[in-house]
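As the structure is a prediction and not an experimental result, all values here were calculated from the model.
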Amino acid sequence: MDLGGAPPVFSACAELAGDHARVTVTGEVDMATADTMIQTALREPARQLTLDLRAVTFFDSAAIHAVVQLARRFPPGALTVLPSRQVRRVLEISGLGEQDWLNPT
């Protein structure tokens, strides 16, 4: 009997308010979904991006690479990443825990 249930379904949706985009991501971000996260984030012509990863349950090296790509696309101070506990842990382990785009809370 499997009590674990199905894994969380990945989704990435963008909202644009002026020149600020907010991309909310849920579920697992891995090599199968990381590109979709990037494409969703870049779909709208925004000068500032908030990447809300608070509902992300799995975050692998492809996801790390995707966030680094986004950080390179935006000028300093224009990207804010809101991590889940799991995302923060992975970013800290990978040496990215002190990046200015990573929200400290």
Side-chain angles (χ1 to χ4, degrees):
M1 176 181 218
D2 180 17
L3 297 177
V9 176
F10 170 83
S11 71
C13 59
E15 298 173 20
L16 188 62
D19 65 352
H20 184 205
R22 181 182 193 91
V23 175
T24 303
V25 182
T26 61
E28 299 182 354
V29 184
D30 56 23
M31 62 189 253
T33 59
D35 190 55
T36 301
M37 180 178 73
I38 292 173
Q39 295 307 315
T40 302
L42 297 177
R43 187 173 301 141
E44 303 294 340
R47 292 186 182 183
Q48 291 191 314
L49 173 66
T50 298
L51 189 60
D52 187 342
L53 305 177
R54 292 177 292 183
V56 170
T57 57
F58 180 80
F59 201 75
D60 72 0
S61 61
I64 294 169
H65 182 70
V67 171
V68 169
Q69 282 184 285
L70 288 172
R72 290 180 179 156
R73 294 285 292 257
F74 287 87
L79 173 66
T80 301
V81 175
L82 307 175
S84 66
R85 191 181 74 216
Q86 292 87 344
V87 170
R88 179 174 300 284
R89 176 108 170 101
V90 169
L91 291 173
E92 286 174 354
I93 290 169
S94 68
L96 296 171
E98 299 299 320
Q99 295 298 310
D100 65 342
W101 43 258
L102 186 60
N103 191 306
T105 58

**Student:** May I ask you to check whether over 12 heavy atoms, not counting those of E92, lie within 6.0 Å of atom CD?
**Tutor:**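 Yes, CD of E92 has more than 12 neighbouring heavy atoms, counting only those of other groups under 6.0 Å.
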**Student:** Please collect all salt bridge (charged side-chain N to carboxylate O under 4.0 Å, His left out) contacts where either partner lies in residues 17-26, sequence neighbours excluded, each pair once.
**Tutor:**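 Found R22-D52.
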**Student:** How far does CE of M37 sit from CG of D30, to the nearest 0.5 angstrom?
**Tutor:** 10.5 Å
**Student:** Could you check if a side-chain atom of F74 sits within less than 4.5 angstrom of a side-chain atom of T80, using non-hydrogen atoms only?
**Tutor:**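 No, their side chains stay 4.5 Å or more apart.
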**Student:** Do you know the tightest heavy-atom contact between V29 and A34?
**Tutor:** CG1-CA, 4.0 Å
**Student:** Please walk me through it: do T26 and S11 pass side-chain hydrogen bond (donor to acceptor under 3.5 Å, both in side chains)?
**Tutor:** CA-CA 5 Å; T26 61; S11 71; 2.6 Å; yes
**Student:** Can you name the nearest heavy-atom pair linking A41 to L49, along with the distance?
**Tutor:**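 Here A41 and L49 meet closest at CB-CD2, 3.9 Å.
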**Student:** Looking only at atom types and distance, does a side-chain atom of R88 sit under 3.5 Å from a main-chain N or O of L102, one as donor and one as acceptor?
**Tutor:**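 No, the answer is negative, given that no donor and acceptor are paired below the 3.5 Å cut-off.
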**Student:** When hydrophobic residues are tied together by side-chain contacts of less than 4.5 Å, even through go-betweens, does F58 share a cluster with V68?
**Tutor:**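 Result: no, two separate clusters.
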**Student:** Got W101 and L70 here, is their nearest side-chain heavy-atom distance under 4.5 Å?
**Tutor:**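 No, side chains not in contact.
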**Student:** So do the side chains of V56 and F10 get within less than 4.5 Å of each other, counting heavy atoms only?
**Tutor:** no
**Student:** Which pair of non-hydrogen atoms, one from L53 and one from V87, has the smallest distance, and what is that distance?
**Tutor:** CD1-CG1, 3.9 Å
**Student:** On a heavy-atom basis, which atom in G77 and which in Q48 lie closest, and how many Å separate them?
**Tutor:**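 Scanning both residues completely, I find the closest heavy atoms to be O-NE2, 4.1 Å.
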**Student:** Taking all heavy atoms of T57 and all of Q86, pick out the closest pair and write down the distance.
**Tutor:**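 That closest heavy-atom pairing would be O-CG, 3.9 Å.
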**Student:** With L51 as reference, evaluate L82, V67, N103 under the side-chain contact (heavy atoms from CB on, under 4.5 Å) test and give the passing residue.
**Tutor:** V67
**Student:** Answer yes or no: is there a donor N or O on one side and an acceptor on the other, between the side chain of T40 and the main chain of V23, under 3.5 Å?
**Tutor:**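 Here the side-chain-to-backbone pair does not exist.
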**Student:** Tell me the closest heavy-atom pair linking R47 and A78, and the distance in Å.
**Tutor:**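 For R47 and A78, the tightest heavy-atom pair comes out as O-CB, 3.3 Å.
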**Student:** Tell me, which pairs form a side-chain hydrogen bond (donor to acceptor under 3.5 Å, both in side chains) where one or both residues lie in residues 62-77, sequence neighbours left out?
**Tutor:** none
